[in-house]
Amino acid sequence: MASPPEAALTDYERRREENIRRNDAILASLRRKAADLSAAIQSSSSSKRPKKQQPRASPAAAAPGSPVVLRRSLRTRGLPPSGSSSAASPPAQAPASPPAAPRSTRFSSSLASAILAAASPGSPPVRDDGFDAGAELVLRPSHVRRVVPDRILSVRILPLVDRTVVAAGNKLGNVGFWDVDEDGDGADGVFEYLPHRGPVGAIVAHPAMPQKIYSCSYGGEICLMDVEKENFNMIHLTDYPIFSLCQAPNSPSCLYFGEGNDLKLFDERMGKVSVTWNSHDNRINSIDFHPENTSMLATSSTDGTARIWDLRTMKEKEAESLKVLEHGRSVQSAYFSPSGRMVATTSLDDTVRIFSVDNFDNSDIMKHNNKTGRWLSTFKAIWGWNDTDLFIGNMGRAIDIISVDLNDRSLSATKKACLESEHMTAIPCRFSAHPYKVGHLACASSGGKVFLWTRV
DNA sequence: TGGGGTATTATCACC
DNA sequence: GGTGATCCATACCCCA
């Protein structure tokens, strides 16, 4: 696959700088207007809190008085992509435009300051503390929210020690944040933006730098959210879809992403792609680093394989992997267990497979119905807070917990429990485990809803 | 061998 | 409560 010409990238970078400056000016103006409106709303209302669940409205249909910024992509306006070398003149508005129609104006105060306050070097993610997922998880009715419209493709609980903020990206390019009310005082909120022009394949944030929230999209963008300014800056644009994104565990500014069939490294400090590995024969659906060995990573692909790589020995062309894990069909995910001793894959061949990293022949296969069809996001089994629990969606609007047991000579996986709730009104497709709160499990559906299971 | 056609599947807005 | 629209997945089948 060819990359965009270098000249186009530098041209793009120049325009990007201009766009950032222009957007800052627009944003400053909007913030003044929003502040005026906010003051007007507060003075005319006895309630100081935003409504718990405001009716969702498209930007064009938003209520008068809402701080609406209508973002229109170049594509929808029939213009060439801003990164295209054929673009004759700078676009009127870059895709990294001001936020569209936040559903509340609280983010910039309480939530943003909480995220920025958490920016001190993060403590390592927590591990199991004797938690029994099958018996202790519950879904409270207050822990269900529509976070974005339409189908969610990516969900991530931000790495904040004492707060639960769920970010979700959807098919339309929206990224929504749900600041969960955990005290029951009604102080939660949902904030919605439109930074992308295509489906949001992944959202990541590093525990050591939770204020830097990156997202990627099938439209070929990688965006970095500026939490303080509450806007998104496009830091990379390509003509090819970006399906997956992952941060290096020891270097949060090193972004590994799957651009079509290629695995690429974007170094944010350099502001460019520094390495490209031709690693798969089809789209890369997931990228995950080994938690201890920071040069080892796992990828999964629609080419029917999951592959384990050693960055130190990878060659750019026809890269050779440490191991190829063959599946009967497309592989949707390959994730290392919290200790790094195992890898779990989810495939459209209707299996979840678990492999020992020390000996990949030591493995087990679980049959699991992964036929989600066209309207649902595919299932991806994730690890919980220990090396025994795997969580995966179930077509019966439930969560399957697979229990894994690894010893020196054998590895076995069994279905341990099926979590069901009357409040789970849709099929949970994508999951995220809270990095600091054992038992806080977010799952996202194809209707834009997020369900947050918590500990009894 | 590869391109076109199509079956599959759940959710929600609208009536 | 019934129903049409969704349509950036995927795999399979068939035909050129």
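A, B, ... follow the sequence lines: proteins, then strands. Residue 1 opens every chain. Because the structure is a prediction, the values reported are computed rather than measured.
In this entry the distance linking CD1 of Ile152(A) with P of dC12(B) reads 10 Å, nearest Å. For the pair Asn370(A) CG and dA11(C) P, the computed distance is 12 Å after rounding to whole Å. Going from atom CG of Asn282(A) over to atom P of dT10(C) covers 8 Å, rounded to whole Å. Atom C1' of nucleotide dA9(C) and atom CG of Leu153(A) are separated by 11 Å, given to the nearest angstrom. Between the CZ atom of Arg151(A) and the C1' atom of dC8(C) there is a distance of 8 Å, rounded to whole Å.
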In B/S/- notation, 5' to 3', how is nucleotides 5-11 of chain B contacted by protein heavy atoms closer than 4.0 Å?
-> ---BBBS
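At least one side-chain nitrogen or oxygen of Gln332(A) sits closer than 4.0 Å to the OP1 or OP2 atom of dT10(C). Within the 4.0 Å cut-off from OP1 or OP2 of dT10(C), at least one side-chain nitrogen or oxygen of Arg283(A) is found. In this model, the phosphate group of dA9(C) is approached by a side-chain N or O of Tyr218(A) to a distance below 4.0 Å at OP1 or OP2.
Partners of Thr414(A) by side-chain contact (heavy atoms from CB on, under 4.5 Å), not counting sequence neighbours, listed by chain and number: Ser403(A). Remark: Trp385(A) engages Phe131(A) in a ring pair (Phe, Tyr, Trp, His ring centres under 6.0 Å) (not counting sequence neighbours). Scored by the ring pair (Phe, Tyr, Trp, His ring centres under 6.0 Å) test, Tyr214(A) finds no partners at all (sequence neighbours excluded).
Taking the side chain of Lys171(A) as heavy atoms from C-beta on, and the options dT6(C), dC12(B), dT10(C), the nearest nucleotide is dT6(C). Candidate nucleotides dC12(B), dT10(C), dC8(C) were compared by shortest atom distance to the side chain of Ser330(A), and dT10(C) ranks first.
No hydrogens or angles considered: a donor-acceptor pair under 3.5 Å links the side chains of Glu259(A) and Thr238(A).
Salt-bridge formation is not detected for the pair Lys315(A)/Glu320(A): no Lys NZ or Arg NE/NH1/NH2 atom is positioned less than 4.0 Å from an Asp or Glu carboxylate oxygen.
Atom C1' of dA13(B) sits at a distance of 22 Å from the matching atom of dC8(C), rounded to the whole Å. Comparing the P positions of dT10(C) and dC12(B) gives an interatomic distance of 22 Å, to the nearest angstrom.
Within the structure, every pair that satisfies the salt bridge (Lys or Arg N to Asp or Glu O under 4.0 Å) test and touches residues 441-456 of chain A, not counting sequence neighbours, is listed here: Asp129(A)-Arg455(A), Glu136(A)-Arg455(A). Applying the ring-ring contact (aromatic ring centres under 6.0 Å, His included) rule to pairs touching residues 254-279 of chain A yields His236(A)-Phe257(A), His236(A)-Phe266(A), Tyr256(A)-Phe289(A), sequence neighbours excluded.
Checking Leu172(A) against Asn285(A), the closest nucleotide of DNA chain C that is more toward the 5' end is the one next to Leu172(A).
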